[in-house]
Each structure stands twice: as structure tokens, then as C-alpha cells.
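Working notes, beginning with the structure itself.
Protein chains get the first letters and strands the later ones, always in sequence-line order, with residue 1 at the start of each.
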There are 4 protein chains.
Amino acid sequence: MVPQPKSEIRKEQILKAAMKTFAHKGFHDATISDVAREAKISDATIYEYFSSKEELLFSIPGKTTRKHKEELESILEFLRGAADKVRCIIHRYFWFFENNPDYASVTMLILKQNRKFLEMPAYKDVQDLSRLVLHLIKEGMATGEFRADINPYLVRAAILGTIEHLVGAA
Amino acid sequence: MVPQPKSEIRKEQILKAAMKTFAHKGFHDATISDVAREAKISDATIYEYFSSKEELLFSIPGKTTRKHKEELESILEFLRGAADKVRCIIHRYFWFFENNPDYASVTMLILKQNRKFLEMPAYKDVQDLSRLVLHLIKEGMATGEFRADINPYLVRAAILGTIEHLVGAA
Amino acid sequence: MVPQPKSEIRKEQILKAAMKTFAHKGFHDATISDVAREAKISDATIYEYFSSKEELLFSIPGKTTRKHKEELESILEFLRGAADKVRCIIHRYFWFFENNPDYASVTMLILKQNRKFLEMPAYKDVQDLSRLVLHLIKEGMATGEFRADINPYLVRAAILGTIEHLVGAA
Amino acid sequence: MVPQPKSEIRKEQILKAAMKTFAHKGFHDATISDVAREAKISDATIYEYFSSKEELLFSIPGKTTRKHKEELESILEFLRGAADKVRCIIHRYFWFFENNPDYASVTMLILKQNRKFLEMPAYKDVQDLSRLVLHLIKEGMATGEFRADINPYLVRAAILGTIEHLVGAA
DNA sequence: AATGAATGAGGATTCATTCAT
DNA sequence: AATGAATGAATCCTCATTCAT
């Protein structure tokens, strides 16, 4: 572990509090005061680290999503066969969301329906993963691992939709 | 068609405007003024028909969901076989959401994450449909139409999740 | 007097309160609550009539400056001779400011140093009057009423500057 | 030049930055951070030298006005005749303000309308100069240099007002 | 039934100021 | 002497909601 500068630690602390608070109350119903209270700092301090409530929200996925994606990619390198890879992705997804339920709430319920977020770089990682799944399905169809008469887009929707449905209901 | 009292018509007009406005701006970002403008009435008039902004939101599913569910049930009576029935449900869902995109937005993005709504009677219809799907899957498993080694809960999640994923992405 | 719509009366009431409050406390030190208290209405009501504190400030000169300018112009029509006209302007200025000390404070101390205001149409009236004085001085020089070796710009500065100095000191 | 203690130099540096910043942005719109940035020091350091933002503002005239006044007085000793003296004062004023535009902005636009400042010792120098002008006018009237039927107060207002008008418009 | 007018309550944000290091 | 970090206090502004007409 590289020692982090103090301000980074504080930033993480705020993000964690924000994640928890937003997940439980929703973005609009949660106030900056709520987040500050959760983080045990003052309202004003939050603004030393994030310029607005919205920027705070958008900063939540940050490194986490990227890390999740990168870890996944590094694991996939060791696997052969599209089916195994897809299975691994599904598994990781569940494992990740189960261990980060607040993160799941924020990304799936709050960020997903925010138009501005859909245009932000952090959203690219989500799209990358989605594209990867599609790619693997096509690959599996080509190698004969999967049936050739399936609609890969529909299959992807089934995979991701099922995960979301199960995680969202949790 | 039974002639409706005037006030019912006005109520529908407001609900329609609310549905459109909430769908496009989100519940919090849409103001009562926005809804009133869309309905071409004054803010105060809305409060003659609905006691609060939240009640207005919760009133949107109202008859529509019930009607959707009832129509579905009446159609299903004419079908034999679980597979056909499930297929019919899926088909109706898509057909309904495609023809009522604002309704889809409101129910899937806004209401679903509102805890209070999950305790309201209108939500019961959603649950009923969900239970029906589960029931049909089990039925199909029993009759041998579906494989017996599937997890019916997972299959239901796959069906509903896929629909939601596809509709939500639209 | 044409009867004014109610909302115009309320607007005037707010403007009057704002003028008094801003004159006594300065724009920044005066709060919307101060103005509201002076007008004996609630803070929120101010925003029904003016979109922001700054717009409220900029609305103060409004009709008053225009009226002042127009009255002056109509009087000047009856006068012959540049000297008389200039004297009349000076007289009116003093008379006006003495009878509207808060207005004088707001326009001379607050608005004058606001860059945004200098680009607003209301400021045009101020400039018009300044130009008129210059024009009259030049006219008097041409007709021989005033000495021909004076610098008209300097004389104008002397006239307006003296007025401002005396009014500002009051 | 007497060598100044280091802390005096730092104080000057801050005052210079404050003068520039206040002149350009106005007292209220300029933040302590703005001043600190201009002075290339931290916010907190300013408070090592000045107890509050307002004290910082009030400290700007400080030595400068006094020096200006004293230089003027020493020059005037060499002049004979009220007219020459008044002319000299006017000349010095313009020369000074032209070479110190930020100082002019701060004293004429910001400090002048601050009631607290009018009660501070630094303001005394301004008044002294104003009184001196009045005194010279009266002197000139007594010696016959100036017409005896003028209103000395009005003439003083004309002199100072003209200067202010021209400098303020610059 | 309909609404113009008014407002209470609340929230995001800013910034001068403090203080431990 | 210098400052990074933290915050209390304030203020603008929004908006759901009420009510007299």
C-alpha cells in the first residue's frame, strides 16, 4: 500500500459517507448536511473537496468502477473459452455488488437515470463492460461454444438484465 | 364507455401531464408548476385533485397497471400451456411499454426506487404479475414443458430483468 | 391617474423598500430579508416579482430616471438660451435628489460602480442627460453666451461633478 | 531610505495586493483568497498582519494619503498666492490619481461610501485637505485674488467634485 | 371549480476567520 | 513566520403548499 496524502484520505472518507447516504435516502432527499454528519465533518468541508453536491455524486464511481473493470480484465486473461469468461463476469458482478450494496444502489438506481452522468467518462467503463460481454457472446457463437442462432444483443440484455434485477431487488 | 364525471376527466388530464413531466424531468426536478403548465391549468388546481406532489406521483400507476394486469389475465384464459402464457406476458409487456414510454419511465425509474411506493396498494399489482410469472414457470416445470432442473426464481429474474433492461435502455 | 393592476402596486412597494434598504445599508450588506421586512412581505414574495437580488437593484432606476429625464426635456422646450437651460438642469437635479435622497444614494453610490449596470438600458438615460449638458455648453459657446475659450468637457465635468459632490456629501 | 523590518515589507505587499484586488473587483466581490493569490501568500498569512478583511481595507489609505498630504503641504510652503496654491493642489491630485488608479478606485468608490471609514483617523487626512482648500479659497477672497462674492463652499465643491468626476470616469 | 397571490420551510453554497502544526 | 485544513454563520433562492376570492 502506498501511503496516501492526507487530503486523499479525507476525500475517500467523504465519498464513502456520500455513497452510504445517497444509497439510503436517494440523491435528492439526502442533504449535504446528512453526508457531512455521516462523515463527521462540517458541511463546508465537503465543499473543500467537491465543488457541488452533483460533483460529489459523480465522483462516487471513480476509481471503484475502473478497478472493478481492470481486475476483471486481468482475470479474464487466464481463462479460455467464452463461456467461462462470461460465467466469470457474472460471478464477479454478483460478488462485487453483494459486497458493495451501497455502491450498487448509487450506480444502478441513482446514476443510471442521470442524463449528465451518461455523458461522463466514468460511464465509459460501464459501457466497456457491456461491450465486452457482447463481444464474448459473439466469440462464443463463432467458436461454436454457443448456439449460432441466438441474438447476441438479446442474450447480453438477458445477462445484464438478470443481474440488475436480482441485485436491485436485494 | 361509461360517461365519466367532469372531475374524473380533469384528474386524468393532470395525471397525464404529470406522467409526461415526471418521465422527462424526473420527480424531483419536475415542479408542480411544470406539471400545471403541461396540463394547462394553474398550480393550485392540482391541489384540488391531489393532496400532494407525492400523492400525484403515486396515483400515476393507478388504473393503468390494474387494467394492464386484468387484460393480461383475460387473455391468458384463452391460452393453454405455460410456455405460451409466458410468451404472451412478455409480448404484452413489450407492447405496453413501447406504447407507453412515459409510463415505463415513471414506473421503472422513479417509482421502483421509492420506498413508500413499495408499500402502496398500487404496487401489489406489480407483485401479482411477478408472482404469476413464477407460478407459470413452476407450472411448466410440473407439466414437463420446461426443464425440471431450472431454478424458477432465477428464470423469473431473467425474464423480468431482460424486459426491464431492454425497456430501460430504450 | 390610470388605476394600476394590483401586481404593479406590489412591485412598486417592493422597489420602494429595496431603494430605502439598499440606500441605508448598501447593496451587499442589505439582505433580501431586510428588504422584505421593510416591505412587510415575505422573502419569497420578492422573488415572485424579481428574479434575483441584482435584478431588483437594477429595477430601481426604472421609470424614475426616465420620468426625470422626460420632464426635464419638456421643461427645456420652453426655455431659450443655453445658460438658462443649463441652470434649469442644475436646479432640477438638486431638487430631484433632495426630494429623493435614497434614490440618489442608490444611483450614485451603488449603481454607478456596478459594471453590469453600465451596460443596461437604464444607464442610457444617465448618459443622455450628460450628453445633453455637453451639447448645451457647446451651443452656448457657439451663440456667444458662453466664452469660446472654455473646454466644454471640463465644464460639463465641473457641473456634474459639483452636483455629485454636494449631493453625495449630504 | 530607512531599512524596514521584514514584517513591514510583507505588510506592504499585502496592502498592494489588496488595493489592486479591491479596486478591480470591489470590496465585497473580492475574497480574501483573491487578495492572497494576488500577494502570492496563503489566506491565513493575511490574518497575521491584519485582523479582518475590513481592517485590511481601512489600512489601504494609511501612509499613502498622509504622504500625499504632507508632500503637498511642503510644496505649498514655497508658493505664494492662494490661486497658485489651489492650482498646485489640483495638479497634484490629478497627478497622484493618474499614477495610482487603484488607489483612486479604492478611496473614491469603496471607502467613501463606508460609514465606518468616515469615523476613522485615516479619513481625517482627507478632511484636512478639504479644509485646506476651503481655507485657501477664503484666503484668496480676503486678499482680493478671488472675487469676494463667491460662495467658498460651493467653489470648493466645484473643485473637488470636478476632480472626482474626472477621475471616477477614467 | 379555479386560481392569483403569498409564504414557510429548507437546502446548497460561500467565505471570513481560526488554529494546530 | 507561514499555512493547510476546517468550519460557523450567513444568505440567496426554490418550491410545495395554502387560501381568499
Side-chain angles (χ1 to χ4, degrees), chain A residues 5-7 9-11 14 28-36 39-56, chain B residues 5-7 9-11 14 27-36 39-57, chain C residues 5-7 9-11 14 28-36 39-56, chain D residues 5-7 9-11 14 27-36 39-57:
Chain A
K6 216 175 175 186
S7 79
I9 294 176
R10 178 57 45 111
K11 219 168 174 174
I14 295 171
H28 275 99
D29 290 336
T31 68
I32 286 289
S33 289
D34 290 334
V35 176
K40 292 180 181 163
I41 54 174
S42 76
D43 294 27
T45 298
I46 291 180
Y47 286 92
E48 293 289 320
Y49 295 86
F50 301 94
S51 64
S52 72
K53 192 186 175 188
E54 199 174 43
E55 204 223 286
L56 175 57
Chain B
K6 220 177 175 182
S7 79
I9 295 177
R10 175 62 41 113
K11 218 167 175 174
I14 295 170
F27 179 63
H28 273 100
D29 290 337
T31 67
I32 287 288
S33 287
D34 289 334
V35 177
K40 292 179 181 163
I41 56 173
S42 76
D43 294 26
T45 299
I46 290 179
Y47 285 89
E48 296 290 322
Y49 294 86
F50 301 94
S51 65
S52 73
K53 192 188 176 187
E54 200 172 44
E55 203 223 290
L56 175 56
L57 171 66
Chain C
K6 216 175 175 185
S7 79
I9 295 176
R10 176 58 45 110
K11 218 168 174 173
I14 295 171
H28 274 100
D29 290 336
T31 68
I32 286 289
S33 289
D34 290 334
V35 176
K40 292 178 182 162
I41 55 174
S42 76
D43 295 26
T45 299
I46 290 180
Y47 287 92
E48 293 289 319
Y49 294 86
F50 301 93
S51 63
S52 72
K53 193 186 175 190
E54 199 174 44
E55 205 223 286
L56 176 57
Chain D
K6 219 176 175 184
S7 80
I9 295 176
R10 175 61 41 113
K11 216 167 176 173
I14 294 171
F27 180 64
H28 274 100
D29 289 338
T31 67
I32 287 289
S33 288
D34 289 334
V35 176
K40 292 176 182 165
I41 56 173
S42 76
D43 295 26
T45 300
I46 290 180
Y47 285 89
E48 295 289 324
Y49 294 86
F50 301 94
S51 65
S52 74
K53 190 186 177 189
E54 201 173 41
E55 204 223 288
L56 175 57
L57 171 66

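Distance check: D/I32 CD1 to D/S42 OG gives 11.0 Å after rounding to the nearest 0.5 Å. Between the CD1 atom of A/I14 and the CD1 atom of A/I41 there is a distance of 4.0 Å, given to the nearest 0.5 Å. Distance OG1/A/T31 to CG/A/D43: 7.0 Å, rounded to 0.5 Å. The CZ atom of B/F50 lies 11.0 Å from the CG atom of B/L57; values are rounded to the nearest 0.5 Å.
Rounded to whole Å, the distance from CD1 on B/I14 to P on E/dA1 is 12 Å. Taking atom CD on C/E48 and atom P on F/dT18, their separation rounds to 16 Å, with Å as the unit. If you take CG of D/L56 and P of E/dC15, they are 16 Å apart, rounded to a whole angstrom. For D/H28 and F/dC12, the NE2 to P distance is 11 Å, given to the nearest whole Å. Atom pair B/F50:CZ and F/dT17:P shows a separation of 13 Å (rounding to whole Å applied). The separation between D/D34 atom CG and E/dC15 atom P is 8 Å, rounded to whole Å. In this structure, D/F27 places its CZ atom 10 Å from C1' of E/dA16, rounding to the nearest Å. Distance, C/Y47 OH to F/dA16 P: 18 Å, rounded to whole Å.
Checking E/dA2, F/dT18, E/dA12 against every side-chain atom of A/K53, the shortest atom distance belongs to E/dA12. Of the candidates E/dA2, F/dT7, E/dT17, E/dA2 carries the atom nearest the B/Y49 side chain, counting heavy atoms from C-beta on. Closest to the A/S42 side chain, of the nucleotides F/dT11, F/dT17, F/dT7, is F/dT7. The side chain of B/I32 lies closest to F/dT17 when the candidates are E/dA12, F/dT3, F/dT17.
The residue among A/I46 and C/E54 whose nearest nucleotide of DNA chain F lies closer to the 5′ end is A/I46. Each of D/S33 and B/K40 has a nearest nucleotide on DNA chain E; the 5'-most of these lies closest to B/K40.
Looking at A/K53 and A/I46, their side chains never come closer than 4.5 Å, going by heavy atoms from C-beta outward.
Figure legend. F/dA9 is base-paired to E/dT14; pairs are counted as Watson-Crick or G-U wobble with both atom distances under 3.5 Å. Under the Watson-Crick or G-U wobble criterion, with both distances below 3.5 Å, F/dA1 is left unpaired in every strand shown.
Residue D/A30 is classed as a sugar-phosphate contact, given heavy-atom separations below 4.0 Å to backbone atoms only.
A sub-4.0 Å separation between OP1 or OP2 of E/dA2 and a side-chain N or O of B/R10 is present. Taking only side-chain nitrogens and oxygens, D/T45 never comes nearer than 4.0 Å to OP1 or OP2 of F/dA2.
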